[in-house]
*Asks:* 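Got a structure here, written out as C-alpha cells. Questions coming.
The analysis underlying the following values was restricted to heavy atoms, covering all of them including side chains, and did not include hydrogens, waters or symmetry mates. So that the names make sense, note that chain A is the first sequence line, chain B the second, and so on, each numbered from 1.
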Protein chains: 2
Amino acid sequence: MAKAPQKEETPALDRIDLEILKLLQQNARATIKEIAAGVHLSTTPVHERIKRMEESGVIRQYVTLLNASKVGKGLMVICYVSLRQHSRHAGDKFIKSILEMNEVLECLTISGEFDFLLKVVAANMDEYYHFHVNKLSAIENVGNVQSVFVMGVIKQTHQLVF
Amino acid sequence: MAKAPQKEETPALDRIDLEILKLLQQNARATIKEIAAGVHLSTTPVHERIKRMEESGVIRQYVTLLNASKVGKGLMVICYVSLRQHSRHAGDKFIKSILEMNEVLECLTISGEFDFLLKVVAANMDEYYHFHVNKLSAIENVGNVQSVFVMGVIKQTHQLVF
DNA sequence: CTATTTTGCAGGAAAATTTCCTTTTCACCG
DNA sequence: CGGTGAAAAGGAAATTTTCCTGCAAAATAG
C-alpha cells in the first residue's frame, strides 16, 4: 500500500531520460534532432520525454548564462546576514525585500552563525557599497551583515551528474 | 586615443541587445520569432544580434536547470576550504581536483579566513560525508574545511538586470 | 501458454522556424 | 541633394518541430 516517498509522483527517470537531461543541461538550445541522435532514438520519443519532464517539473527552466563582466557586472560578493529577531513576520519581510533586489542572485538559509547567505553582483565597489548601505541594511530587522569578496571564479556549473 | 577599458573589445550593447538578453536569460529556448516580436523587429536583425553576442562571448552558454531534488540531489552544502600552503603548485593541484569533482557546482576564491568557497550538492548526508572525507580532504594540501548546510533556497536566479 | 492490451518507437507529413539572400529604408556626410 | 553605409524588412529555401498512423515488444489477463 505504501508508495515511495515522492513529492509529486514523478514517474521515475530511466537511463535514456538521464542521458537527455545531460545533453539539455549542456545546451538548452540543442535541437530535438541532435538530442535524438545523441541517445540513438528518433525525434518522436525524445520530444515526448522532454515534454513529460517539463510537465513533471524535473526540468525547471531553460536559461541563458551571460558573461557578467561583459554586461557590466564585474563584482561578486558573498554576503552573510543575520536578523535581529526571528519572528515569522521579520523573516517574511526580509525574504520579500530580497526577492525584489536584482543585485541578489541567490539567497540561501543556512546553518551556523548567520541566517542567510546572499550571492550579490554589482558593477563595482561603489555600486556594491550603495547596495549594502542603502538597500540591504535598510531592510528592517537586518542585524549583522558581513561581506566576503569573490576574487576569482574557479568553477561555475549547473550540470548535475547522476 | 584611450579606449574604454574592455577585455576583448566588445562592440558595446545597445538597448535592443539588452532587451534580447533579458528575454534569452528568462527562456533560452525562446524562438527567434518570439524574441523578435518582443523587441519589435523582424527575425533577421534579431538573429544577427544573437549570433554576434554569442561570438563576442557576451552570451556564455544556454543551459537547462533541473529540479535538483527530483533527480536525487536534495542536499546542498556550502563548504569552506583553506590550503596548508599557498604555493602555485598547491593551488593548481587543488583546482585541478575540484574541476573533476561532479559534486562541486561552484568554486570561488574569496577574501577572508578561507581560501575557497565551494557549493556542493549530494543525494544525502551519507553521500556528502563520503565526499568530504574521501574526496575533498583527500586532496593534498587541503587544510581546514568547514561545512555550512543549506536549509532552504529562498532565491536562485541567473538573471542579470541592467 | 496464448490472446489481448499497453507502452514505446519509427516513419512520414504538415506546420512552424531558422537562415540566407535580396531589397528597402534611414541617417550621415560629402 | 544625391552618395554611401549600416541596419532592418521581406521573401524563399532548408531545417526542425510536432502530430498522426502503424508496428513491435513487453506486460497482463484469461
*Asks:* Taking 4.0 Å as the cut-off, does a side-chain nitrogen or oxygen of Arg49(B) come that near to OP1 or OP2 on dA7(D)?
*Replies:*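 So the side chain of Arg49(B) is outside the cut-off, no N or O lying under 4.0 Å from OP1 or OP2 of dA7(D).
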
*Asks:* Measure the distance from CD on Glu54(A) to P on dT18(D) and round it to the nearest whole Å.
*Replies:*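 So the CD-P distance, Glu54(A) to dT18(D), works out to 9 Å.
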
*Asks:* To the nearest angstrom, how far is His47(A) atom NE2 from dA16(C) atom C1'?
*Replies:*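 Rounded to whole Å, this separation is 12 Å.
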
*Asks:* Given dC20(D), dT19(C), dT17(C), identify the nucleotide with an atom nearest to the side chain of Thr44(A).
*Replies:*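 The answer is dC20(D).
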
*Asks:* Hey, can you tell me if Tyr80(B) and Tyr80(A) have their rings parallel, tilted or perpendicular (30° and 60° cut-offs)?
*Replies:*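 Ring orientation of Tyr80(B) relative to Tyr80(A): tilted.
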
*Asks:* Rounded off to whole Å, could you give me the CD1-to-P distance for the Ile32(A) and dA16(C) pair?
*Replies:*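 My rounded result for the distance is 17 Å.
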
*Asks:* Is there a side chain to side chain contact (heavy atoms under 4.5 Å, CB included) between Thr109(A) and Ile154(B) once you walk through the steps?
*Replies:* CA-CA 7 Å; Thr109(A) 56; Ile154(B) 306 296; 3.7 Å; yes

*Asks:* Rounded to the nearest Å, what distance is computed from the CZ atom of residue Arg15(B) to the C1' atom of nucleotide dA7(D)?
*Replies:*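 It is 15 Å, rounded to the nearest whole Å.
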
*Asks:* Ignoring the backbone of Ser42(A), work out which of dT17(D), dA9(D), dA10(C) is nearest its side chain.
*Replies:*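 Nearest nucleotide to the side chain: dA10(C).
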
*Asks:* CG of Asp17(A) versus P of dT7(C): gap in Å, rounded?
*Replies:*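 After rounding, the reported distance stands at 16 Å.
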
*Asks:* On DNA chain D, nearest-nucleotide positions of Arg29(A) versus Thr43(B): which is more 5'?
*Replies:*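 Result: Thr43(B).
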
*Asks:* Determine the contact category for Thr31(A): base if any of its heavy atoms lies under 4.0 Å from a base atom, sugar-phosphate if only primed atoms, P, OP1 or OP2 are that close, otherwise nothing.
*Replies:*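 Contact class for Thr31(A): sugar-phosphate only.
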
*Asks:* Output the distance between atom OG (Ser42(A)) and atom CD1 (Ile32(A)), rounded to the nearest 0.5 Å.
*Replies:*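 The distance works out to 11.0 Å.
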
*Asks:* Is the centre of the Phe94(B) ring less than 6.0 Å from the centre of the Phe116(B) ring?
*Replies:*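 Yes, the ring centres sit under 6.0 Å apart.
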
*Asks:* Just compare dA9(D), dC9(C), dT17(D) and give me whichever is closest to any side-chain atom of Pro45(A).
*Replies:*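 Shortest atom-to-atom distance from the side chain points to dC9(C).
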
*Asks:* Just verifying a value: how many Å separate Lys119(B) NZ and Leu108(A) CG, rounded to the nearest 0.5 Å?
*Replies:*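 So the NZ of Lys119(B) and the CG of Leu108(A) are separated by 6.5 Å.
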
*Asks:* Roughly how many Å is it from CD in Glu48(B) to P in dT18(C), rounded to a whole number?
*Replies:*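 Checked: the CD to P distance equals 14 Å.
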
*Asks:* Without decimals, in angstroms, what is the distance between Ile50(A) CD1 and dT16(D) C1'?
*Replies:*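 Interatomic distance, CD1 of Ile50(A) to C1' of dT16(D): 13 Å.
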
*Asks:* Starting at CG of Leu41(A) and ending at C1' of dA10(C), how long is that distance when rounded to a whole Å?
*Replies:*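 Going from CG in Leu41(A) over to C1' in dA10(C) covers 10 Å.
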
